[in-house]
Amino acid sequence: MDKYVLGVDFGTDSVRSVLVNAADGKTVASEVFAYPRWKEGRYCNPGKNQFRQHPLDHLEGLEHTIRAIMGNSGVPKTAVKGICVDTTGSSPLPVDEQGKALALSQKFKENPNAQMVLWKDHTAVAEADEINELARSWGGEDFTKYEGGIYSSEWFWAKILHIIREDREVAEAAHSWMEHCDYLTYELIGGQHLPGFKRSRCAAGHKALWHESWGGLPDSQFLEQLDPRLAALKNNLYKDTYTSDTIAGYLSESWADRLGLEPGTTVAVGTFDAHAGAVGGEVAEGTLVKVMGTSTCDIMVTSPASLENKTVKGICGQVDGSVIPGKIGLEAGQSGFGDVLAWFVQLIQKPVLATLSESGLDEATYTEISRTLETNLIQTLSNQAALLSPDTSQVMALDWINGRRTPDANQNLKGALSELDMGTHAGSIFLALVESICFGSKRIIERFREEGVPIQQVIGLGGVAKKSTLVMQTMADVLDMPIKVAKSEQAPALGAAIYAATAAGLYDTVTDAVSKMGNGFDKVYQPRAEYRDVYQKKYHRYLELGNYIENGQKQ
């Protein structure tokens, strides 16, 4: 009998589950579930950069996708040997003493501060600044040094500090906090003993300042200076962490019944979507894997010896075992990528729909127009932009609409447009935005190289990599490097399945599993030599614009 594993990928807007044959990595069934409460915009306030998600969106999505897969695939449940969950991050959630989400209680079910604080929530900018200032001045260990030297408002401690200061009731009710990937894994195994639960090395190392050299989480005296409640919280968190080739536990009878699986199925330690995506994209030393969606995560691995105890400045962490056990995982990324383009599409679309809504159109016609715009407008803009030659389009854009993650995190920064004139049209602005996200990617690669981390090849995966020829060709031109696109439609879910196969004992190592289960690549974008000089000059202008916006001066 063939053996199968499940990879469950919780993204920003939806969850995607895949059932994979562990022998060859082929996906035999998949299912997607869009979060209903998130789609309605509940618990969010974009004007305040507040983005929260209700855990019921995730629990309902988990049940729907796996039950649908098991019902449609024809694979017997006894053939499914493992499951692994990957999620966005840092996306922490307050829980009670039993590890149950506060948002599932009657008291907190509609309280945004009791929901999961999504990765893109930037309400904790001030708290991140406090953490950075204290890390440099308190006289002890700089706990940010393995996080690139700058702690972000997108991460664990900053978000918790913001919530407990803003909401006393949540602060008092929260016994502990769990990253999204840990919470769902804990749920799957029945969640009986929170203190003994195996937390994710990936989440802890990249977002919660965990490192073996100082014995785990930051010193209590450091946390106490930020807020005594953080020092108390540390006692209800964890000391040890685990890589995702490790068994977190076994599927509970309750969840087995809900999912249509066998009780006792192996559940691997959870991880983040980008790190699972890098595994699904066959990451190796010297390879940068770009997971391109609403934002990007840029993932690399290297041997501990190659870094020689050096810390890479301005990235999102370097953690032993966070991607491939036995190697150092390096993470960078952009706070806005597909989101930057979606922002512009909505900028055009919303007033048009509002105008039509007020025009007296019948509901059926309005719905059809709305659906057409939703489906086709971004492709229309892409087509218009593709007709423009990079050497004739002078509009410049800065991709910091959602702040800057890497290099040198600064969520206070804003996006910008320059050199508009009366001939500027929507297509030229769209092209400038596409170029800006590619220039942001180039700056990340430059930082790695400046810090002595070689990059020989780039692999793209995720929705943007699969769908946008314009973005991918522009990226190859700007980087002046070929870009391979991973064949898998769901690389993070495949990566999670690879972790599940290893945890279940079907392979000895993650590397062995990748060699058998990797799906390969289906396209390579080659840089166009005729645009090399054009994009070098444009990139310099991008840097000048960024320096002006950030520092108020030209280079």
Side-chain angles (χ1 to χ4, degrees), residues 49 122 125 148 150 152-153 290 292 294-296 298 313-315 332-348 381-382 384-386 388-450 464 468 470-471 473-481 527 531-555:
N49 283 317
H122 292 160
V125 170
I150 301 175
S152 170
S153 64
K290 293 188 67 65
M292 305 178 190
T294 52
S295 66
T296 75
D298 296 1
K313 297 177 183 177
I315 65 169
Q334 293 163 268
S335 293
F337 197 76
D339 260 3
V340 174
L341 307 182
W343 162 81
F344 184 63
V345 171
Q346 290 297 310
L347 189 73
I348 297 173
L381 289 166
S382 296
Q384 291 179 358
L388 300 173
S389 175
D391 55 354
T392 59
S393 177
Q394 297 304 309
V395 180
M396 291 298 299
L398 198 59
D399 56 314
W400 299 339
I401 290 173
N402 203 24
R404 184 181 65 209
R405 181 182 295 159
T406 315
D408 306 321
N410 186 343
Q411 302 308 152
N412 288 309
L413 293 173
K414 306 296 182 183
L417 287 168
S418 72
E419 302 193 45
L420 306 178
D421 59 33
M422 293 299 290
T424 300
H425 56 83
S428 54
I429 294 175
F430 192 78
L431 177 60
L433 291 170
V434 168
E435 291 173 340
S436 77
I437 60 179
C438 296
F439 292 145
S441 297
K442 182 178 177 70
R443 187 67 192 97
I444 290 170
I445 287 178
E446 282 190 342
R447 175 57 61 89
F448 273 123
R449 287 172 171 166
E450 290 163 3
V464 177
S468 180
L470 175 66
V471 171
Q473 184 58 61
T474 306
M475 182 74 72
D477 293 340
V478 168
L479 300 184
D480 196 25
M481 295 177 69
Y531 294 130
R532 181 178 297 124
D533 291 341
V534 172
Y535 275 125
Q536 275 295 104
K537 292 175 182 177
K538 277 196 164 186
Y539 178 62
H540 183 69
R541 289 168 57 206
Y542 166 86
L543 295 178
E544 285 186 330
L545 178 60
N547 190 55
Y548 182 79
I549 293 298
E550 186 168 7
N551 303 309
Q553 60 187 12
K554 290 186 177 181
Q555 287 182 320

Checking the side chain of [X] only, and the main-chain atoms of [Y] only, is there a donor and an acceptor separated by less than 3.5 Å?
| X | Y | value |
| --- | --- | --- |
| E550 | L413 | no |
| T424 | D421 | yes |
| R532 | P527 | no |
| T406 | G333 | yes |
| T474 | L470 | yes |
| Q411 | N402 | yes |
| K290 | S441 | no |

Heavy-atom pair of closest approach, residues [X] and [Y]:
| X | Y | answer |
| --- | --- | --- |
| F430 | S382 | CE2-OG, 3.5 Å |
| R447 | K313 | NH1-O, 3.1 Å |
| L398 | K414 | CD2-O, 4.0 Å |
| S436 | A397 | CB-O, 3.3 Å |
| S152 | A409 | CB-CB, 4.2 Å |
| A426 | L381 | CB-CD2, 3.8 Å |

Quiz item: Is the shortest distance from a Lys or Arg side-chain nitrogen in R443 or E446 to a carboxylate oxygen in the other one below 4.0 Å?
Solution: yes
Quiz prompt | Presence of salt bridge, K537 and D391, under 4.0 angstrom | solution = no
Quiz item: Relative to each other, are the rings of Y539 and Y542 parallel, tilted or perpendicular (30° and 60° limits)?
Solution: parallel
Quiz item: Do F448 and I445 pass the side chain to side chain contact (heavy atoms under 4.5 Å, CB included) test, and can you show the C-alpha distance, the side-chain angles, and the key distance before you say yes or no?
Solution: CA-CA 5 Å; F448 273 123; I445 287 178; 5.7 Å; no
Is any side-chain heavy atom of [X] less than 4.5 Å from a side-chain heavy atom of [Y]?
| X | Y | result |
| --- | --- | --- |
| Q536 | D480 | no |
| I444 | P407 | yes |
| K538 | S393 | yes |

Practice problem: Applying side chain to side chain contact (heavy atoms under 4.5 Å, CB included), run through V471 and L341 and close with a yes or a no. | Solution: CA-CA 10 Å; V471 171; L341 307 182; 4.0 Å; yes
Exercise. Show the numbers, then the answer: is there a side chain to side chain contact (heavy atoms under 4.5 Å, CB included) between Q473 and Y531?
Key: CA-CA 11 Å; Q473 184 58 61; Y531 294 130; over 6 Å; no
Measuring from [X]:[atom1] to [Y]:[atom2], what's the distance to the nearest 0.5 Å?
| X | Y | atom1 | atom2 | value |
| --- | --- | --- | --- | --- |
| N412 | R404 | CG | CZ | 10.5 Å |
| Y535 | C438 | OH | SG | 7.5 Å |
| I437 | W400 | CD1 | CH2 | 15.0 Å |
| R405 | F337 | CZ | CZ | 12.0 Å |
| F344 | L433 | CZ | CG | 6.5 Å |
| N410 | I150 | CG | CD1 | 8.0 Å |

Quiz item: side chain to side chain contact (heavy atoms under 4.5 Å, CB included) between E544 and M396: does it pass, once the steps are laid out?
Solution: CA-CA 11 Å; E544 285 186 330; M396 291 298 299; over 6 Å; no
